[in-house]
Protein chains: 2
Amino acid sequence: MADPREPAPSPAASLAEGVAARLRDQVTGGALVPGQRLSEARLAAELDISRNTLREVFRLLTREGILRHEPNRGVFVAVPSMASILDIYRVRRLIEVPALAQAWPGHAAVARMRAAVERAGALQAIPDWRGVGSANMEFHAAIVALTDSPRLIQFFTQIIAELRLAFGLLDSPELLHRPYISRNAEILGRLEAGDPAGAARMLEDYLTQSERAVLEAFARLG
Amino acid sequence: MADPREPAPSPAASLAEGVAARLRDQVTGGALVPGQRLSEARLAAELDISRNTLREVFRLLTREGILRHEPNRGVFVAVPSMASILDIYRVRRLIEVPALAQAWPGHAAVARMRAAVERAGALQAIPDWRGVGSANMEFHAAIVALTDSPRLIQFFTQIIAELRLAFGLLDSPELLHRPYISRNAEILGRLEAGDPAGAARMLEDYLTQSERAVLEAFARLG
DNA sequence: CATGATTAAATTGTTGAACAAAGTATGATA
DNA sequence: TATCATACTTTGTTCAACAATTTAATCATG
């Protein structure tokens, strides 16, 4: 495997979806700054697609919450707010904790959780903190995958994208991601030891602490 | 007020969103049958919009789950399955029960709940069972609104649309909606009496029973 | 100088036509 | 009947155009 960061070069069913994925990465990766306006004409030329196709892309990403559409004014990269972060963590608690609590330790998603933990560990050594952040998010996406609920999984994917958008806004990624590598490992260990309820309690602590850290970093921006 | 069924003739920010709302109603209202194919050319002519705009509409509704898009083959009205109904009720339990349990009885959404109950009662007298179903769904949307979480509210709106799509597939709407008018009223009464926890327990029973009824009706179709 | 109204420029919203690519139906042939 | 080549239909995508709206620039006026 060449680069452990890139999850999968999915075949991009249609051009619009492919471009959407590319743009999504650019946004969550920080290449596009929150609040920035995305001119249809300019971006279409830059991406080498037509305006119509780009508009389809905009519709997709707007509904995902990482772009904002103001009628007759244009499309902007969404600007995370304190309120949105609070909302996101609330949703995370509501979904992740029960998902883990009712997990069957033999579920296939447990392997995904373990892979994510190991990837985070490897990227920590480079160090690539943004990569660590991605791996940590993947860990939590895997937790939701434990539910086998397509709707929850898709919804949570959105939530994660929004959260990564907020992360991109903050500096000091090491502080935001480093402490949670071992914490994820502990949660996973407890689950594999056959104690989902205990793992869920640890996860709840994790979320509370992570939320506080993010909010503090956010407050430091003014 | 002329017709208590129509919630609000929203100003339709853009043409695409307006048409999306119209199509959504046609689908959840049963005018478009699940599995039916939506030809771009024909439907665009019928709705008197261009193919490009219709495609934007398709993207919106596909992401909402009420249309399905097969690359190079076309767009179809989504076909509810037993699995999707199970998933939907699981999500409902996960979101609605905690939402109600932690509700503050003075919240503005309580008024929405009461309005929905009263509307259902009125429509029962006509009788308009499809309308009763809509009112019941509005009751539960109001429960989620108790959380003040934009993300949960938007997500739940989707879930409701999908469920109404499934309802449209089933016959005997009276059997599916009638029993729940009084049940909703009881839940509301318990909440207004200052016992959110008790109301939440009643809601849980409600969901279990409703799920069973829907699944049975679904099984009768073969 | 500031301010508000008027005009000009740029951008979005939407359409229609066009064509390549993929899928579907048709029909000839073995 | 089964199979394969062919014609037809539909989707995927682009392009050019124009109306509607917003933004910027201009300018008169207190």
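Since the model is a prediction, treat every value here as computed from it, not as a measurement. Residue numbers start from 1 in every chain, and the chains themselves are labelled A, B, ... in the order their sequence lines are given, proteins ahead of strands.
- Taking 4.0 Å as the cutoff to heavy atoms of chain B, we find the contact window on DNA chain D bounded by D/dT10 to D/dT14.
- When each of A/Ala16 and B/Arg37 is assigned the nucleotide of DNA chain D with its nearest heavy atom, B/Arg37 is the one assigned upstream, toward the 5' end.
- Using a 4.0 Å cut-off between charged nitrogen and carboxylate oxygen, B/Arg119 and B/Glu138 do not count as a salt-bridge pair.
- By the salt bridge (Lys or Arg N to Asp or Glu O under 4.0 Å) test, B/Glu40 pairs with B/Arg51, B/Arg55, sequence neighbours left out.
- With sequence neighbours left out, B/Glu216 forms a salt bridge (Lys or Arg N to Asp or Glu O under 4.0 Å) with no residue at all.
- Within residues 58-73 of chain A, the residues that have a heavy atom under 4.0 Å from DNA chain D are, in order of number, A/Asn72, A/Arg73.
- Between B/Glu64 and A/Arg63 there is a salt bridge, since a side-chain N of the basic residue sits under 4.0 Å from a carboxylate O of the acidic one.
- For A/Arg37, the side chain to side chain contact (heavy atoms under 4.5 Å, CB included) partners are A/Phe76, not counting sequence neighbours.
- For A/Arg93 and A/Glu211, the salt-bridge test passes: some basic side-chain N is under 4.0 Å from an acidic carboxylate O.
- With sequence neighbours excluded, no residue forms a salt bridge (Lys or Arg N to Asp or Glu O under 4.0 Å) with B/Arg22.
- For DNA chain C, the residues of residues 39-56 of chain B within the heavy-atom distance limit of 4.0 Å (strictly under) are B/Asp48, B/Ile49, B/Ser50, B/Arg51, B/Asn52, B/Thr53, sorted by number.
- Applying the ring-ring contact (aromatic ring centres under 6.0 Å, His included) test to A/Tyr180 and every residue at least two apart in sequence or in another chain returns A/Tyr206.
- B/Arg151 is linked by a side chain to side chain contact (heavy atoms under 4.5 Å, CB included) to A/Ser84, A/Asp87, A/Ile88, A/Val91, A/Phe155, A/Ile159, A/Glu162, B/Ser149, counting only residues two or more places apart in sequence or in another chain.
- With 3.5 Å as the limit, one finds no donor-acceptor pair spanning the side chains of A/Tyr89 and A/Thr208.
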Tabulated below should be each protein N or O lying under 3.5 Å from an N or O of nucleotides 7-9 of chain C; please produce it.
none

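- With sequence neighbours left out, the side chain to side chain contact (heavy atoms under 4.5 Å, CB included) criterion links A/Thr53 to A/Leu15, A/Ala16, A/Ile49, A/Ser50.
- With sequence neighbours left out, A/Pro98 forms a side chain to side chain contact (heavy atoms under 4.5 Å, CB included) with B/Leu94.
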